[in-house]
Each structure stands twice: as structure tokens, then as C-alpha cells.
A.B. asks: 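Pasting in a structure now, in C-alpha cells, and then I'll have a few things to ask.
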Amino acid sequence: MADTSRFPERGIDDKITTQHFQRAHSRKSSKELHEFKGYLFDLDGTIYSGSKLLPGVLSTVNWLREQDKSVMFVTNTTIRTKESVHQRLSELGVPCEVDEVLTALCVAGKFFQEREPNATVLMIGEAAMEQELARNRVKTTENPLLATHVLVGLDRQFTFEKLTAGVNALRNGAKLIAANPDPFCPIDDGVIPDTWSLVKALETASLQKTVHVIGKPSAYYAQKAFDQLHILPSQCLMVGDRLSTDIQFGNSNDMYTALVLTGADTKNDIVRTGIEPDYILHELSEITFNHL
């Protein structure tokens, strides 16, 4: 696997050793970072941070395109449609097609269309949620007593009234569906509460538990990605900055994984969580190591 000796410790706790990563790597056969057919990238903390493109991103994506690699951008965002994500990437100069973007909301729309076609959904989320559910012809309601499901995403206009409606729907028998398991969302000057914070409020007040989590690291999300890529999981590298979503997503769904240290998690978090990536990158350009 990747030569961990080329990643200097830079003052990080040396509990993370080469031997530790050799144990992680032993579960799969050896591959160089440039040898995969498909590359799945998280966005926040991996491709960009706030409104800025991260170092090495553009050269890496361009190089992968030149090598005829398949690229997909997989995000847990619930406040953007895939068209909005595509537009943001284009504005940052990242070459991308709309069909190369997968969001937690597009997957949620497919989930209801395929698995719960008779659902009536009470939404706790923003305009993008409404648009994605409408795209998949999912029936929605504002009446908690008519809801069969409550779908929760990030809602920056979350109110006591919305909490009350969600709680009453759940206590009336509706199923709680989380669009993603993200507790917070990074912004330029800190973080804001994300989907899982709202989910926990609903669980606490309703005494009900979440039935499904749609976004990364779910197997359903992975299947939708593979359906679009037409590539075996073992031929894919999942690259992201969060162990509990991105790396767990790859590990649980038979992909190789690379933790990039430009976002949320550090090497020390590997010890804390026990979630082990196959590779560690200080920035994305290490994928093209010795090839640019």
C-alpha cells in the first residue's frame, strides 16, 4: 500500500505507527494510489474548505481525467441539489458533469421512490430537499398526522414549531429517516449544527429511534454510486476527511480508502475511533505521486 514513511508526523501523536497501518493494509491486496479505475471524493474538507479550493485539487482531478479515470463527487449535503453542487464546483474551476455528483438528498429521493413508494413525507430541511423529493415524485405533507415518514436534513431555519410537528408525526407512528449522520457542518469561521443534531432532538422528544440513515456511510448510498460508476467497489478509492462517514463508507462497502488531512479528522482520530484508512494524504496531489 502507500508508503507511510513519506508522510512526516509533523508533531502528531506517534501512537500512529507504520505497524498500525500495516495491520489496516493487510486486509486488502497492495495497490498504488494511481492504479484505481474509480475515484470518489468527498467535498467539504477534501475538495474545498468554505469558499476556497484546497491545495492540489485541480491538478489531481485534471490528471485523473487525462488518465481516463472515472471520478465522482459524493457528498452528504442536504442544502444543495446536485445541480447546485455542480455549479459550485464549476465556479471553483473543477471540471465536472452533473451526473458525476451524488448527494444525500438525491439518494433520499431514490430511497422513497424505490423502497417506500407509498410514503407521505414530513420534511425538516431546506428548499433543496423539497426539490429533490419532487424530482422523484415523493408525496409530502405539512400535516404531522398524515405523515408516514419524517425526513431530516440540515435546516438553518429550524424552529420549535418544526420540532413539534416532527415529534407529533413520530408519536403518531411515522418513521424517522436521517438524510445523513453528520453532527456538524464546517463553515469559514467555525461550525454549525447539522442533520444529526436535529435528529437527536426529535429522537429525544418523541422517544423514537431513527429507522434509516441515507447518506454516507450507508450501503444504499454506495449502491447508488456504483450504479452510476459501473465499476467494482474493489477498483475504487474513496477519498475524504471524515473517518466516521467517508472512511467508514469506503471500508464498509469494499472500497479502498484514503484519509486526507485537510479537513475534519487527524491521525490521532484514527486511534480514537478505531476506523482505519488504507492511505493517509496530507493533500490530494499525493494521489499522483511520481506521476506529475
A.B. asks: If you measure from OG on Ser59 to CD on Glu66, what distance do you get to the nearest 0.5 Å?
C.D. replies: 10.0 Å
A.B. asks: Can you say whether the rings of Tyr221 and Phe249 are parallel (under 30°), tilted (30 to 60°) or perpendicular (over 60°)?
C.D. replies: perpendicular
A.B. asks: Search all heavy atoms of Gln248 against all heavy atoms of Pro217 and return the closest pair with its distance.
C.D. replies: C-CB, 3.9 Å
A.B. asks: Applying salt bridge (Lys or Arg N to Asp or Glu O under 4.0 Å), which residue pairs with at least one partner in residues 136-159 are found, sequence neighbours left out?
C.D. replies: Glu126-Arg156, Asp155-Lys162
A.B. asks: Given the rule in the side-chain hydrogen bond (donor to acceptor under 3.5 Å, both in side chains) test, do Gln87 and Glu83 qualify, once you have shown the distances and angles that lead to the verdict?
C.D. replies: CA-CA 6 Å; Gln87 181 180 353; Glu83 291 83 4; over 6 Å; no
A.B. asks: Is it the case that over 12 heavy atoms from other parts of the model lie below 6.0 angstrom from the NZ atom of Lys37?
C.D. replies: no
A.B. asks: Charged N to carboxylate O under 4.0 angstrom, Glu132 versus Arg135?
C.D. replies: yes
A.B. asks: What pairs of residues pass the side chain to side chain donor-acceptor pair (under 3.5 Å) test when at least one of them lies in residues 104-120, not counting sequence neighbours?
C.D. replies: Glu114-Tyr220, Glu114-Lys224
A.B. asks: Within a reach of under 6.0 Å around CZ of Arg65, are more than 12 heavy atoms found that belong to other residues, nucleotides or ligands?
C.D. replies: yes
A.B. asks: Where do Tyr256 and Ser234 come nearest, in terms of heavy atoms and distance?
C.D. replies: CE1-O, 3.5 Å
A.B. asks: Compare all side-chain heavy atoms of Ile270 with those of Asp265 and state whether any distance is below 4.5 angstrom.
C.D. replies: no
A.B. asks: Looking only at heavy atoms, what is the nearest atom pair of Leu33 and Phe36, with distance?
C.D. replies: O-CD1, 3.5 Å
A.B. asks: Using side chain to side chain contact (heavy atoms under 4.5 Å, CB included) as the criterion, list what pairs up with Thr77, not counting sequence neighbours.
C.D. replies: Thr75, Ile79, Arg80, Val85, Thr103
A.B. asks: Would you check if Asp99 and Lys82 make a side-chain contact, meaning some heavy-atom pair closer than 4.5 Å?
C.D. replies: yes
A.B. asks: Specify whether Phe41 and Tyr39 have parallel, tilted or perpendicular ring planes, treating 30° as the upper limit for parallel and 60° as the lower limit for perpendicular.
C.D. replies: parallel
A.B. asks: Rest of the hydrophobic cluster containing Leu207 (Ile/Leu/Val/Met/Phe/Trp/Tyr, side-chain heavy atoms under 4.5 Å)?
C.D. replies: none
A.B. asks: Going by side-chain hydrogen bond (donor to acceptor under 3.5 Å, both in side chains), name the residues that satisfy it together with Glu203, two or more places apart in sequence or in a different chain.
C.D. replies: Lys200, Thr210
A.B. asks: Any idea which heavy atoms bring Thr266 and Leu259 closest together, and the distance?
C.D. replies: O-CD2, 4.2 Å
A.B. asks: Please name the pair of heavy atoms, one in Arg242 and one in Cys185, separated by the smallest distance, quoted to 0.1 Å.
C.D. replies: NH2-CA, 4.3 Å
A.B. asks: Taking side chain as C-beta onward, heavy atoms only, is Phe112 less than 4.5 Å from Leu133?
C.D. replies: yes
A.B. asks: With sequence neighbours left out, write down each residue that passes side chain to side chain contact (heavy atoms under 4.5 Å, CB included) with Leu54, or none if nothing qualifies.
C.D. replies: Ser49, Val57, Thr262
A.B. asks: With salt bridge (Lys or Arg N to Asp or Glu O under 4.0 Å) as the rule and sequence neighbours excluded, what pairs involving residues 214-223 come up?
C.D. replies: Asp42-Lys216, Lys216-Asp246
A.B. asks: Report the residues that fulfil salt bridge (Lys or Arg N to Asp or Glu O under 4.0 Å) with Glu130, sequence neighbours left out, ordered by chain and then residue number.
C.D. replies: none
A.B. asks: Members other than Leu232 in its cluster, when Ile, Leu, Val, Met, Phe, Trp, Tyr link by side-chain heavy atoms under 4.5 Å?
C.D. replies: none
A.B. asks: Does any part of the side chain of Thr81, heavy atoms only, come nearer than 4.5 Å to the side chain of Cys106, both counted from C-beta?
C.D. replies: no
A.B. asks: In the hydrophobic cluster built from side-chain contacts under 4.5 Å, what are the other members alongside Val199?
C.D. replies: Leu122, Ile124, Val150, Val152, Phe158, Leu163, Val167, Leu170, Leu176, Trp196, Leu198, Leu202, Val213
A.B. asks: With ILVMFWY side chains joined below 4.5 Å, transitively, what does Phe184's cluster contain besides itself?
C.D. replies: Val191
A.B. asks: For Gln235, check side-chain hydrogen bond (donor to acceptor under 3.5 Å, both in side chains) against everything at least two apart and list the hits.
C.D. replies: none
